[in-house]
A.B. asks: 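Quick one: structure below, then a few questions.
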Protein chains: 2
Amino acid sequence: MNVETPRARYRQVADELRNAIKRGDYPQGEALPSQPELAKRYGLNQTSINRAIALLRAEGLVRVEHGRGAFVQEVPTVKRVRRIPRGDANGSSFAEEMRKAGLEPRSPLVELKTVPAPPVVAERLAIPEDDPVVMRKRHMFVGDRPVQLATSYMPLTVAGDESIALPDTGPTGLYRRLAERGHRITRFVEEIEARHPTPEEAEFLNLTEAQQILEVTRIAYTAEDTPAETVINVFPSQQWRLSYEWTAG
Amino acid sequence: MNVETPRARYRQVADELRNAIKRGDYPQGEALPSQPELAKRYGLNQTSINRAIALLRAEGLVRVEHGRGAFVQEVPTVKRVRRIPRGDANGSSFAEEMRKAGLEPRSPLVELKTVPAPPVVAERLAIPEDDPVVMRKRHMFVGDRPVQLATSYMPLTVAGDESIALPDTGPTGLYRRLAERGHRITRFVEEIEARHPTPEEAEFLNLTEAQQILEVTRIAYTAEDTPAETVINVFPSQQWRLSYEWTAG
DNA sequence: TAGTGGTCTAGACCACTGC
DNA sequence: CAGTGGTCTAGACCACTAA
């Protein structure tokens with residue numbers, strides 16, 4: 001069962017570089033030696049070195065910039081907490097949580113418009129495909145680093161109009177405004193799935209296709225158990241920890 | 001920004017194989033053509049084909065058996081649901097959930113013994129390192145397929161002795177027995193993290209190191225807010241969806 | 001044994017970056 | 001321009017599987 005085959009050389013190189021990074025030989029943000037340099041140092045071909053570095057990339061330990069070099073990834077791990085019960089979906093908003101962690105958050109609104117419901121959204125909101133929905137897309141940064149994508153959809157019949165999503169005060173405010181319009185949110189379902197990023201997600205989040213993201217989909221139901229909103233959050237899995245907290249009985 | 005470089009050939013091969021699999025040209029469990037065969041078909045070197053297949057492996061679409069071939073992965077997606085509130089940690093047990101999905105589950109007890117608390121466990125249970133803890137390790141299968149690893153730890157002072165983990169009826173029974181001994185569980189915290197598998201995890205779950213797992217760590221707290229138990233669940237991320245469901249205040 | 005996948009080389013060419 | 005990373009080849013050898 002392949003219990004003790006000698007480890008492939010490129011894996012050994014990856015191991016050594018990984019250890020060197022964790023040991024602090026290459027501080028965060030610093031470039032690793034170039035591939036030809038490493039090839040010489042380890043007595044290997046550049047192809048093999050490239051392969052070793054591909055492993056570190058997939059692990060999220062290293063970020064590569066073509067033509068510039070391979071840099072040790074700064075990975076400020078970020079935690080997202082759901083406290084239940086808590087009156088609403090967010091124990092605290094994204095911004096509060098980041099600031100509590102000593103980080104400066106920004107979450108610009110990228111897009112706000114009414115569109116025909118895409119299939120998955122229609123299914124989650126239990127409405128016919130192509131029914132109009134208000135879509136709100138946000139890019140979230142901590143400092144300069146992109147850390148999260150959030151896209152929310154609401155049936156236009158529930159939202160009334162796009163302005164419900166403004167000012168952009170996050171879910172807490174949104175749910176209050178929904179309640180004012182007669183849609184009281186009483187139940188939430190969040191589904192968590194790991195997958196590889198789409199090319200667009202990979203570009204914004206600065207990921208390789210070999211890496212993974214966590215997709216957290218929330219559906220908010222009204223007292224009549226009608227879906228009123230769904231939110232799709234995309235997190236680079238290496239940067240995030242999700243936490244759920246609740247009390248028994 | 002590398003927006004439209006022609007896609008690398010090995011990526012194109014991966015794309016075509018991926019589409020062929022999704023189209024059903026290669027049904028689940030069936031072998032792909034051999035690497036030399038594919039190399040001939042696409043006019044590429046075996047090295048490049050190997051690279052293409054490595055991509056599919058990392059995506060979990062293909063399982064490779066050395067010396068035998070590359071097989072289309074059967075991926076029965078499995079869902080784990082937490083319903084809150086629900087009286088205890090599990091809305092329903094692993095076995096119930098699997099059977100509800102029409103799958104035959106087995107979760108043999110692999111190991112049950114008292115050990116000195118490893119550092120992470122000690123931290124989570126808020127006890128000194130190397131204090132004795134009862135460790136229970138289970139391997140979980142659906143049919144013949146390994147799908148999950150679960151390891152739980154309880155301070156020996158809380159457990160009394162190892163027998164509390166027997167008969168192996170899952171957390172519901174366990175928490176009842178804990179309550180009988182004066183440890184009423186009132187609060188739960190689950191943390192979700194994505195990471196690459198350790199070699200042992202990779203072996204049992206039949207994963208590549210390039211793939212990822214979801215690690216769900218639960219801590220159960222008593223009414224006095226003392227940690228009484230911690231469970232570490234390891235799920236192949238491609239096979240699982242996690243779901244949390246709760247009602248608003 | 002023949003057929004499978006895994007690794008490695010020596011050399012090449014390309015694309016991207018920064019001077 | 002020189003230096004960086006990304007891809008590809010032709011050929012080789014190894015380890016594992018099945019007969």
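Protein chains get the first letters and strands the later ones, always in sequence-line order, with residue 1 at the start of each.
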A.B. asks: From CZ of A/Phe71 over to C1' of D/dG3, roughly how many Å is that when rounded to an integer?
C.D. replies: 12 Å
A.B. asks: Return a single string for nucleotides 2-8 of chain C, one symbol per nucleotide in 5' to 3' order, where B is base contact, S is sugar-phosphate-only contact and - is none, cutoff 4.0 angstrom on heavy atoms.
C.D. replies: -BBBBBB
A.B. asks: With a 4.0 Å cut-off, would you call A/Glu191 and A/Arg218 a salt bridge?
C.D. replies: no
A.B. asks: Going by the rule side chain to side chain donor-acceptor pair (under 3.5 Å), which residues pair with B/Lys22 if we only count those two or more places apart in sequence or in a different chain?
C.D. replies: none
A.B. asks: Indicate yes or no: at least one non-hydrogen side-chain atom of A/Val189 is less than 4.5 angstrom from one of B/Ser243.
C.D. replies: yes
A.B. asks: Check the pair A/Phe235, A/Ile213 against side-chain contact (heavy atoms from CB on, under 4.5 Å), reporting the backbone distance first and the verdict last.
C.D. replies: CA-CA 5 Å; A/Phe235 306 97; A/Ile213 55 90; 6.0 Å; no
A.B. asks: With sequence neighbours left out, write down each residue that passes side chain to side chain contact (heavy atoms under 4.5 Å, CB included) with B/Val115, or none if nothing qualifies.
C.D. replies: B/Lys113, B/Val133, B/Met135
